[in-house]
Enquirer: 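Sharing a structure, written as structure tokens. Questions coming.
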Amino acid sequence: MKTSKFHIMTTRETPADAEIASHQLMLRSGMIRKLTAGIYSWSPLGWRVLKKVEQIVREEMDRAGYLEMLMPAVQPAELWKETGRWEDFGGQLLKILDRAGREYVFGPTHEEVITDLARNELRSYKQLPVTFYQIQTKFRDEIRPRFGVMRAREFLMKDAYSFHIDEASLDQTYWEMYEVYSRIFERAGLMFRAVRADSGAIGGSQSHEFHVLAESGEDLIAFSTDSEFAANVELAEAVAPAGATPPAKEDLLLVDTPDAHTINDLVEQFGLPVEKTVKTLIVEAAEESGSGFVALLVRGDHVLNEFKAARLPQVATPIRFATEDEIHAATGAGPGSLGPVGLKIPAVVDRTVAAMSDFAAGANQDGKHYFGVNWGRDTELPEQADLRNVTEGDPSPDGEGTLQLARGIEVGHIFQLGTKYSESMNAVVLGEDGKSHVMPMGCYGIGVSRIVAAAIEQNHDEKGICWPDPIAPFQVAILPMNARKSHRVREAAELLYADLQAAGVEVLLDDRNVRPGVMFNDMELIGIPHRVVIGERGLDEGVLEYRKRTDTENGEIPLEGAVEALLERLG
RNA sequence: CGGGGUGUAGCGCAGCCUGGUAGCGCAACUGCUUUGGGAGCAGUGGGUCGGGGGUUCGAAUCCCUCCACCCCGACCA
């Protein structure tokens with residue numbers, strides 16, 4: 001491709017409403033253009049990248065023996081009413097009417113359609129297991145679309161669905177899919193982690209999310225230094241401290257702390273180590289507990305995990321923090337002066353807190369704290385539970401290694417659905433035993449368009465995008481210097497261009513009559529991984545200038561055999 | 001859905017408070033010069049000032065209303 005024939009639409013200025021790097025760079029490089037909130041056009045340049053990702057996904061799915069198909073984007077409401085999701089899916093479901101006033105949805109996902117197909121087509125266990133997939137535009141009416149195609153309303157997704165005679169078969173395909181997904185992200189050249197996700201209300205089902213690691217990720221994940229363990233921070237267990245609680249060394253001391261209303265104040269004003277402080281949070285109690293409010297205690301530098309807290313039988317669901325007035329009424333003190341000693345309401349302490357000694361906490365009197373608090377001696381140790389978010393350095397819940405934290409962008413999700421849809425839609429086959437069996441199902445999604453944005457988040461610098469080779473729109477950019485004046489340069493560029501194309505390389509020749517700086521900046525912004533500069537100077541010496549996008553220094557390759565030399569570098 | 005903000009040339013913005021015939025930078029187009037890191041000079045084109053209504057001799061500017069977009073939150077997991 002030549003730039004003169006390929007619509008390059010780079011911009012120097014950053015659009016005002018783009019916040020994160022990938023969004024800015026996709027707009028500046030001209031990969032996408034916004035049509036309306038959360039809905040984007042993909043330019044010829046962007047489309048090349050999207051197709052690359054799509055093709056990697058397709059090849060790996062095909063290789064695993066999964067069957068590609070295409071389902072309708074527009075689906076009748078009846079199917080969604082059958083599974084109850086017409087109501088349950090919520091506002092993200094885009095409902096549309098046809099001219100006769102019949103109700104439809106624009107598919108945000110396709111469990112209903114595929115299950116309908118399966119119940120009509122699948123009759124015998126001999127046809128199982130089978131996995132169908134499609135790569136298709138989905139629409140979810142996000143409450144707040146943002147970050148460009150990262151969280152768009154319309155997006156490209158690969159969704160797959162598997163059908164089985166029993167749970168064991170489902171489990172087998174599930175783990176197979178886990179490997180397929182891992183290969184896909186590896187092939188795309190991305191750093192990723194498979195993260196165990198919440199099995200949640202559905203219970204017992206396996207579920208993993210695949211996250212591309214990037215600082216701007218919306219999810220915080222914890223993973224072990226030494227094992228495969230990885231989990232969303234909100235779901236990772238904070239392991240109870242090993243070893244016995246250190247013995248008390250200090251006496252209980254009531255201290256005037258008129259200006260200390262937060263843990264920070266306490267640490268700054270009294271020079272206490274934050275690990276020796278405890279904070280007390282008051283939430284509404286479950287009705288049957290009859291106490292009105294419950295205190296939750298975590299170490300000063302720890303963060304209460306609302307998921308974990310909400311699961312406590314003592315705590316009302318949904319979880320609600322007490323107001324300042326309620327706290328006063330329940331404890332006799334303000335929120336900045338609460339603690340376990342002399343507390344009038346029931347409390348639950350984090351397991352880390354339970355193992356602390358000689359710590360500081362509010363005295364339940366305004367403007368006073370106790371220092372040197374010890375369990376048992378100064379107050380009864382309340383019930384213990386895992387209440388906090390894990391932090392970096394915590395032991396891994398699986399006992400191997402310690403936890404590290406990283407931000408991730410969810411680009412894939414695999415799930416053992418079980419019979420949720422097959423049961424409500426009566427998708428059954430005859431088994432070997434001659435009886436009807438409801439088919440357990442799995443579903444497996446990959447956000448194809450999101451991967452493009454995630455890849456940029458993970459691979460960019462101050463000049464622009466740094467595509468991993470496998471998903472770059474072009475592999476090589478040829479920049480002729482002053483081609484207008486130099487027929488030698490022009491000819492050398494055309495020759496190399498033709499030779500690389502003949503060798504099957506995707507190459508972009510910048511034949512625009514623009515200054516070199518423009519070419520350099522555009523090609524770096526667009527992120528083409530390999531750059532060849534052709535100039536009179538080099539031709540005199542029989543060399544071409546070569547530079548990898550992520551390198552900081554220029555290299556040279558001999559004009560003689562340049563194609564072969566380049567092919568080697570493309571890997 | 002609640003709160004906040006913004007809509008003026010393709011992009012980024014000023015003008016609005018204090019009403020008087022719409023401007024700057026970048027981009028685009030033409031010509032000449034220039035060509036190893038976003039060129040210089042000269043010239044040109046481009047605007048329903050988000051839409052509708054009102055006040056006024058006169059509205060980008062003031063008032064009402066609708067719409068769109070952005071940010072924070074809630075929701076969702």
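Throughout, a chain's letter reflects where its sequence line sits, starting with A, and its residues are numbered from 1.
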Enquirer: Going by heavy atoms closer than 4.0 Å, what residues in residues 536-551 of chain A are next to RNA chain B?
Expert: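 Arg537(A), Glu545(A) - these, ordered by number, are the residues of the stretch whose heavy atoms sit under 4.0 Å from the strand.
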Enquirer: Quiz question: by atom type and distance under 3.5 Å, do the side chains of Gln92(A) and Asp141(A) form a donor-acceptor pair?
Expert: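 Side-chain D/A pair, Gln92(A) to Asp141(A): absent.
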Enquirer: For the residue pair Lys95(A) and Trp80(A), would you count it as a cation-pi contact if the rule is NZ or CZ under 6.0 angstrom from the ring centre and within 45 degrees of the ring axis?
Expert: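 Because its charged atom misses either the 6.0 Å distance or the 45° angle limit, Lys95(A) does not stack over Trp80(A).
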Enquirer: Rounding to a whole Å, what distance do you find between Arg153(A):CZ and A68(B):P?
Expert: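 Rounding to the nearest Å, CZ of Arg153(A) and P of A68(B) are 10 Å apart.
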Enquirer: Classify Arg140(A) by what it touches in the nucleic acid, base, sugar-phosphate, or nothing, heavy-atom distance under 4.0 Å.
Expert: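 Answer is nothing: Arg140(A) stays at 4.0 Å or more from every strand.
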Enquirer: Test of understanding: with side chain to side chain contact (heavy atoms under 4.5 Å, CB included), list the residues that count as partners of Ala472(A), not counting sequence neighbours.
Expert: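 Applying side chain to side chain contact (heavy atoms under 4.5 Å, CB included) to Ala472(A) gives Trp467(A), Gln475(A), Pro529(A).
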Enquirer: Have a look at Arg146(A) and say if it touches a base, only the backbone sugar-phosphate, or nothing, with a 4.0 Å heavy-atom cut-off.
Expert: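 Counting heavy atoms under 4.0 Å across all strands, the contact made by Arg146(A) is with sugar-phosphate only.
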Enquirer: G47(B) pairs with which nucleotide, Watson-Crick or G-U wobble, both distances below 3.5 Å?
Expert: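 In the structure as shown, G47(B) has no Watson-Crick or wobble partner.
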Enquirer: Any base atoms under 4.0 Å from Glu524(A), or only sugar-phosphate, or nothing? Heavy atoms, all strands.
Expert: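 Result for Glu524(A) = base.
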Enquirer: With sequence neighbours left out, write down each residue that passes salt bridge (Lys or Arg N to Asp or Glu O under 4.0 Å) with Arg490(A), or none if nothing qualifies.
Expert: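 Here no residue qualifies.
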Enquirer: Could Arg512(A) and Asp522(A) be called an ion pair, given the rule that one side-chain N must be under 4.0 Å from one carboxylate O?
Expert: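 A salt bridge links Arg512(A) with Asp522(A).
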Enquirer: Counting only non-hydrogen atoms, which of residues 17-25 of chain A are less than 4.0 Å from RNA chain B?
Expert: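 Nucleic-acid contacts, sorted: Asp17(A), Glu19(A).
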Enquirer: Could you verify whether a donor N or O on one side chain and an acceptor N or O on the other, from Asp499(A) and Tyr497(A), lie under 3.5 Å apart?
Expert: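 No - no donor-acceptor pair under 3.5 Å links their side chains.
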Enquirer: Between Arg531(A) (side chain) and Leu479(A) (backbone), is there a donor-acceptor pair under 3.5 Å?
Expert: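 No; judged by distance alone, with no hydrogens or angles, the pair does not exist.
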Enquirer: Separation of Ile8(A) atom CD1 from G10(B) atom P, in whole Å?
Expert: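 Value for this atom pair: 22 Å.
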Enquirer: Between residues 527-535 of chain A and RNA chain B, which residues have a heavy-atom gap below 4.0 Å?
Expert: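 Close to the strand are Arg531(A), Val533(A), Gly535(A).
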Enquirer: Taking the six-membered ring of Tyr40(A), is the NZ or CZ of Arg33(A) close enough (under 6.0 Å from the centre) and on axis enough (within 45°)?
Expert: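 Ring-cation test returns no.
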Enquirer: Heavy-atom contacts under 4.0 Å between residues 31-41 of chain A and RNA chain B, which residues?
Expert: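 RNA chain B contact set from residues 31-41 of chain A: Lys34(A), Thr36(A), Ala37(A).
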Enquirer: Within 45 degrees of the ring normal and closer than 6.0 Å to the centroid, is that where the cationic atom of Arg450(A) sits relative to Phe155(A)?
Expert: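 Ring-cation test returns no.
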Enquirer: Using distance alone, with no hydrogens and no angle criterion, decide if Tyr444(A) and Ser162(A) have a side-chain donor and acceptor under 3.5 Å apart.
Expert: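 Yes, because at least one side-chain N or O of Tyr444(A) sits under 3.5 Å from a partner of the opposite role on Ser162(A).
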Enquirer: Side chains of Ser224(A) and Asp398(A): donor-acceptor distance under 3.5 Å anywhere?
Expert: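 There is no such pair (donor and acceptor under 3.5 Å, judged by atom type) between the side chains of Ser224(A) and Asp398(A).
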Enquirer: Just to be sure I understand the rule, does Asp522(A) reach a base, reach only the sugar-phosphate, or reach nothing, if contact means heavy atoms closer than 4.0 Å?
Expert: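 Here Asp522(A) touches the bases of the nucleic acid.
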